[in-house]
Amino acid sequence: MRTERFSNFELLRLFSIFLIQTMHIIGPIHNHPDMSFMNIQIESLVNIIGNTGVTCFVLLSGWFGIKRDIGKFFNLLIVSIVYSMLTAACLSGGDIKSILMSAWGILCYKNWFIGCYFVLMFIAPWLNESVDKGDRDSIRKLLATLIIAIGLIPTLTHAPNGSVVFWHGKCIAWIVTLYLTGRYLRRYHPDGPSTATAAKMMLTPMGFLFLFRFCVSLLPARFSGLRDYLSGDSSPLIMLEAIGIFYMFKSLNIKSGTINYMAKSVFPIYLMGGAIALLDKHIYHISDNSGSMMLSLLIVADAATIMLAATVIDKTYYLLFGTLQQRMVMQMTRLYEKAKTLTAPLIRKF
């Protein structure tokens, strides 16, 4: 039986990926010395809004709940390897070593988000159960503890890479926190706040963060690193902003086959984000336009182009190789089930 796809949430998935792409685009010119004052503020807005992309995406996953489906895992694994190799082929000019290393990189969790999502797909059923069968007070205390320990403290201390949880929040601990939050919201706040309240939830932290970054931009250049201080991925302010965005999209009443069709390609779009470097080199020249008044339009055009191109490539790939991929998934699933049956006695003894 097919699961009904809600176009408002599918649109949010596409919007989340769009935000992630804008973050990847703006990354190379972050704190660029040639950026105009106006473009510094544009870069701030991209950062403040763009950092909600991953948060919204995982909140959605928690809201609907990831079911135990090994076939979907193998499908995502194949898709991740194929598109990582394709992107590597484009960037390296067909260098075999680079292409093979990109595939190995997926298996080694070098793509942090895909790696975290793989882990999430395995542990999500137990996370679902912990919220669905737990009492509300205990879940609230757990979420409060996680948000403080994994979100607030690393944000305020600017915890570096190599610590248990660093301020960027690019780790499984923060992804689990977001997933549990999405699950909690689905169970206890299914209707959500009014659209006006959701807008305030989005705009209040957004306005505060923009004001903070604006004030820092007035300081000497040596203080420019402070602009990112409160707007990392795991910032509770970014999380609150994302929840506001989530409920605003939830309030939309949209039914669109086109949106649903495009949203099926969100992972290929994300994985082909590396091709942005090619667009920057040959078409948009973002770095060369860091001081241009056209920068904001170039960022939007760059992100839209990679999304459209990746969607077309994905649909073409599915037409050509979709049946083959489904057969591979079925074969891998059968092998997994056999291995599971063989190891079940050992697991029960353990």
Side-chain angles (χ1 to χ4, degrees), residues 2-3 5 9-10 12-18 20-21 24 53-89 99-128 170-172 174-176 178-179 182-183 260-275 306-307 310-337 339-340:
R2 290 192 175 187
T3 303
R5 302 182 76 90
F9 288 125
E10 294 302 298
L12 177 55
R13 290 215 301 161
L14 287 169
F15 182 63
S16 299
I17 295 299
F18 175 80
I20 293 169
Q21 298 298 348
H24 292 169
V54 168
T55 304
C56 287
F57 197 91
V58 182
L59 285 175
L60 266 173
S61 297
W63 180 270
F64 287 103
I66 297 175
K67 308 300 188 292
R68 184 175 279 107
D69 189 336
I70 193 64
K72 288 186 177 180
F73 170 80
F74 286 132
N75 189 71
L76 179 58
L77 177 63
I78 293 171
V79 166
S80 299
I81 291 174
V82 167
Y83 285 101
S84 293
M85 293 176 71
L86 180 58
T87 301
I99 294 171
L100 294 177
M101 288 303 295
S102 69
W104 180 245
I106 290 294
L107 300 175
C108 296
Y109 299 137
K110 287 191 176 181
N111 185 312
W112 79 270
F113 178 66
I114 295 297
C116 286
Y117 210 83
F118 283 157
V119 176
L120 187 61
M121 291 179 79
F122 275 105
I123 67 175
W126 292 290
L127 298 177
N128 296 342
K170 292 178 171 59
C171 58
I172 187 60
W174 185 242
I175 294 298
V176 167
L178 295 176
Y179 184 88
R183 202 78 198 133
N260 295 350
Y261 181 68
M262 290 186 63
K264 293 179 181 179
S265 299
V266 289
F267 278 109
I269 292 171
Y270 170 79
L271 288 159
M272 292 198 70
I306 192 63
M307 289 186 71
T311 301
V312 171
I313 291 170
D314 181 51
K315 302 310 179 188
T316 304
Y317 166 81
Y318 187 78
L319 286 173
L320 296 175
F321 305 107
T323 302
L324 174 61
Q325 180 171 310
Q326 289 174 6
R327 289 176 180 173
M328 291 175 64
V329 169
M330 290 174 62
Q331 185 62 32
M332 294 167 76
T333 302
R334 281 195 288 267
L335 291 172
Y336 169 82
E337 293 299 337
K340 184 178 177 182

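- Between F122 and I70 there is a side-chain heavy-atom pair separated by less than 4.5 Å.
- Partner F57 forms a ring-ring contact (aromatic ring centres under 6.0 Å, His included) with one of F64, F15, F113, F18 and no other, that one being F113.
- What you find for L271 and T87 is that their closest heavy atoms are O-OG1, 3.3 Å.
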Legend entry - side chain to side chain contact (heavy atoms under 4.5 Å, CB included) between F9 and W63, worked out: CA-CA 10 Å; F9 288 125; W63 180 270; 3.9 Å; yes
Legend entry - Check against side chain to side chain contact (heavy atoms under 4.5 Å, CB included), F74 and D69: CA-CA 9 Å; F74 286 132; D69 189 336; over 6 Å; no
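- Checked by atom type, the side-chain pair Y318/Q326 shows a donor-acceptor distance below 3.5 Å.
- The heavy-atom pair separating K264 from D314 by the smallest distance is O-OD2, 4.4 Å.
- In this structure, M85 CE and L100 CG are separated by 5.5 Å, a value rounded to the nearest 0.5 Å.
- Note on residues 114-128: pairs passing side chain to side chain donor-acceptor pair (under 3.5 Å), not counting sequence neighbours, are S61-Y117, N128-Y179.
- Put simply, CE on M262 and NZ on K315 are 8.5 Å apart, with the number rounded to the nearest 0.5 Å.
- Between N260 atom CG and R13 atom CZ the span is 9.5 Å, to the nearest 0.5 Å.
- None of L77, I78, V79 except one satisfies the side-chain contact (heavy atoms from CB on, under 4.5 Å) rule with I81; the exception is L77.
- The minimum heavy-atom distance linking S16 with G53 is given by the pair CB-O, 3.3 Å.
- Atom CE of M328 sits in a sparse spot, with 12 or fewer heavy atoms from other residues, nucleotides or ligands closer than 6.0 Å.
- Across all non-hydrogen atoms, the minimal contact from K67 to G65 is NZ-O, 3.2 Å.
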Inset, instruction - Run the numbers on T323 and R327 for side chain to side chain contact (heavy atoms under 4.5 Å, CB included), then give the verdict. - result: CA-CA 6 Å; T323 302; R327 289 176 180 173; 3.9 Å; yes
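- I20 CD1 to I269 CD1: the interatomic distance, rounded to the nearest 0.5 Å, is 10.5 Å.
- How far CD1 of I306 is from OG1 of T311: 9.5 Å, rounded to the nearest 0.5 Å.
- Ring geometry for H24 versus Y270: interplanar angle of 30 to 60°, hence tilted.
- Here the side chains of M121 and L76 are in contact, with some heavy-atom distance below 4.5 Å.
- Here F73 contributes atom CZ and I66 contributes atom CD1; the two are 12.0 Å apart, rounded to the nearest 0.5 Å.
- The residues R334 and E337 are annotated as not salt-bridged, no charged nitrogen and carboxylate oxygen being separated by less than 4.0 angstrom.
- For the residue pair A263 and E10, the shortest heavy atom distance occurs at CB-OE1, 3.0 Å.
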Legend entry - Audit row: F267, I114, side chain to side chain contact (heavy atoms under 4.5 Å, CB included) steps and yes/no: CA-CA 9 Å; F267 278 109; I114 295 297; 3.8 Å; yes
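- Annotation for M272 and L86: closest pair CE-CD2, 4.0 Å, computed over non-hydrogen atoms.
- Remark: W104 CH2 is loosely packed, at most 12 non-hydrogen atoms of other residues, nucleotides or ligands lying under 6.0 Å away.
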